[in-house]
Amino acid sequence: MSFVTRGFSGRRREPDTRLPPGQTLVQDWPVLSAGPTPHVDTADWELTVQDETGTDHRWSWDELLALGVEDVTVDIHCVTHWSRLDMGWRGVSLDKIFEDVESEHEYVMAHSYGGYTTNVPLEDLLDGKAWIATEADGAPLDPEHGGPARLLVPHLYFWKSAKWVRGLTMMPDNDPGFWEQYGYHLYGDPWKEERYW
Amino acid sequence: MSAPSVTLGRSRPRPAWHVATVVETRRETPTAARLVLDVPTWPGSEAGAHLDVRLTAPDGYQASRSYSIASATPAGQVVLAVDELPDGEVSPFLVRDLRPGDQLELHGPLGAFFVWRPGTGDRPVQLVAGGSGVVPLYAMAAAHGAAADPAPFRLLYSVRTPDDVYFADELAGLAGPAFALDLVYTREAPAGWPDAVGRLTREALAARTVPAAHRPHVYVCGSTGFVETVARWLQELGHAAADIHTERFGGL
């Protein structure tokens with residue numbers, strides 16, 4: 001139903017085919033969070049993956065890094081219409097985390113320090129598509145950007161890349177997380193503009 | 001995709017596309033404009049909600065931005081207050097070029113977390129605004145006044161100068177026994193202003209907000225630096241993290 005708004009020309013630039021629809025390129029890194037920023041020391045940090053038997057698989061900060069940290073360059077897309085391209089990150093692939101986890105369940109709820117949650121299908125976290133990220137732009141992640149560690153799932157809208165991640169719980173159904181309960185899309189593919197449901 | 005197992009917030013209107021016609025634009029502050037939009041299909045919105053504005057150029061180029069809704073408006077009308085960002089792409093057009101009769105696309109209402117609903121209890125509500133972050137908080141104060149809700153309301157509003165106050169007349173009109181307005185001027189105050197001019201401090205925050213012992217719901221909106229600082233101070237002053245709702249400008 002789009003129509004031309006009188007007088008609007010926009011900023012003249014070549015269309016960037018790497019930008020999903022409705023997104024604008026930014027150079028800075030905006031912050032969006034629902035509440036106060038948790039401050040978690042890496043000495044106290046722990047990641048727990050819980051399967052359907054109730055078994056907890058745990059990693060301390062040092063144990064996480066010992067799994068092998070890799071450099072990745074990815075584009076990120078926030079549902080509030082900004083994107084960053086070719087952003088440098090460091091983190092541990094979730095393939096390494098899930099190597100020793102046996103589960104029949106197809107969905108994952110990510111839990112954060114501070115209480116935030118978000119739901120992601122397991123297949124979207126495997127095969128080199130997602131990381132536990134500890135650095136961005138060449139420096140340790142600031143708390144306001146989710147440090148010491150956040151989920152990084154760059155092919156989905158960025159609210160799926162849970163800040164301050166502390167746990168992943170396997171679940172049989174695609175139950176909605178925090179923003180999803182408040183009307184954001186259950187899956188969140190930026191190329192299909194799956195912003196809200 | 002399985003159906004969500006929760007229905008939280010589903011009583012609110014579903015987000016949808018709407019055609020808006022500009023009824024009025026006026027200067028709100030030296031850098032911001034108030035836009036009054038006629039939107040016949042608009043279902044109304046909760047106080048604090050936001051929407052997306054989409055503009056289309058003659059060559060098909062589109063730009064979308066999110067804006068807080070400035071009041072808990074009745075169905076059929078939307079009021080926005082847009083601050084012009086230096087080097088912005090959309091906000092300078094909205095602030096400078098938009099005229100009555102122009103049409104825009106809106107998508108919304110959006111957001112069910114950073115909202116206040118009348119009739120949800122007697123706990124006090126503390127609003128803390130930095131600059132143009134007052135917009136969704138003004139909507140809450142207006143909704144509170146319109147509903148004559150019994151929850152005590154208080155707004156602490158940090159602003160550069162008297163000219164930069166959004167909704168100055170409306171806020172002054174709302175002030176009374178049920179709504180306290182506290183202004184902090186960071187650059188310049190009106191003549192005879194009794195308080196120090198300068199950045200908000202933790203002491204001023206403590207002195208001019210509802211004490212943590214009264215368990216207020218707190219809503220903080222402003223720049224990232226403002227929100228980070230205020231939310232940290234609030235926790236140091238004894239407010240529980242779960243009672244502090246935050247919203248920041250996206251930086252676009």
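All values below were derived from every heavy atom in this structure, side-chain atoms included, with hydrogens, water molecules and symmetry-related copies excluded. Letters A, B, ... are given to chains in the order of the sequence lines, protein chains preceding strands, and every chain is numbered from 1. These figures come from a predicted structure and were not determined experimentally.
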Compare every heavy atom of His50(B) with every heavy atom of Tyr184(A), then report the nearest pair and how far apart it is.
-> OH-NE2, 3.7 Å
Worked check of side chain to side chain contact (heavy atoms under 4.5 Å, CB included) between Asp87(B) and Arg11(A) | CA-CA 10 Å; Asp87(B) 200 36; Arg11(A) 193 163 285 159; 3.8 Å; yes
Closest heavy-atom contact between Pro58(B) and Val4(A)?
-> CA-CG2, 3.8 Å
When you look at CZ of Arg27(B), are more than 12 heavy atoms from neighbouring residues, nucleotides or ligands closer to it than 6.0 Å?
-> yes
Take Thr5(A) and Phe93(B) through the test side chain to side chain contact (heavy atoms under 4.5 Å, CB included) and record every step on the way to the result.
-> CA-CA 11 Å; Thr5(A) 292; Phe93(B) 172 79; 3.8 Å; yes
Might you point out which heavy atoms bring Arg248(B) and Gly35(A) nearest each other, and give the distance in Å?
-> NH2-O, 3.2 Å
If you count the non-hydrogen atoms of other residues, nucleotides and ligands that lie under 6.0 Å from CZ in Arg18(A), is the total more than 12?
-> yes
Chain B contact via Trp179(A) - side chain, backbone, both or neither, heavy atoms under 4.5 Å | side chain
Qualifying salt bridge (charged side-chain N to carboxylate O under 4.0 Å, His left out) pairs, either residue in residues 100-127 of chain A, two or more places apart = none
Side chains of Arg99(B) and Arg6(A) in contact at under 4.5 Å (non-hydrogen atoms) = yes
In Å, rounded to the nearest 0.5 Å, how long is the span from CZ of Phe178(A) to CZ of Phe113(B)?
-> 3.5 Å
With side chain to side chain contact (heavy atoms under 4.5 Å, CB included) as the test, would you mind laying out the steps for Asp97(B) and Phe8(A) before giving the verdict?
-> CA-CA 8 Å; Asp97(B) 301 336; Phe8(A) 179 70; over 6 Å; no
State whether a side-chain donor-acceptor pair under 3.5 Å links Ser2(A) with Glu105(B).
-> yes
Option in Gly114(A), Gly22(A), Ala34(A) with maximal non-hydrogen atom pairs under 4.5 Å from chain B | Ala34(A)
Going through the distances and angles, do His107(B) and Tyr196(A) end up as a side chain to side chain contact (heavy atoms under 4.5 Å, CB included)?
-> CA-CA 10 Å; His107(B) 188 248; Tyr196(A) 320 104; 3.3 Å; yes
Spacing of Arg195(A) atom CZ and Asp52(B) atom CG [to the nearest 0.5 Å] = 6.5 Å
Pair Thr80(A), Arg65(B): side-chain N/O donor-acceptor within cut-off below 3.5 Å | no
Under 4.5 Å, heavy atom to heavy atom: which of residues 210-241 of chain B reach chain A? Give them by number, or say none.
-> Thr224(B), Glu228(B), Ala231(B), Gln235(B), Ala241(B)
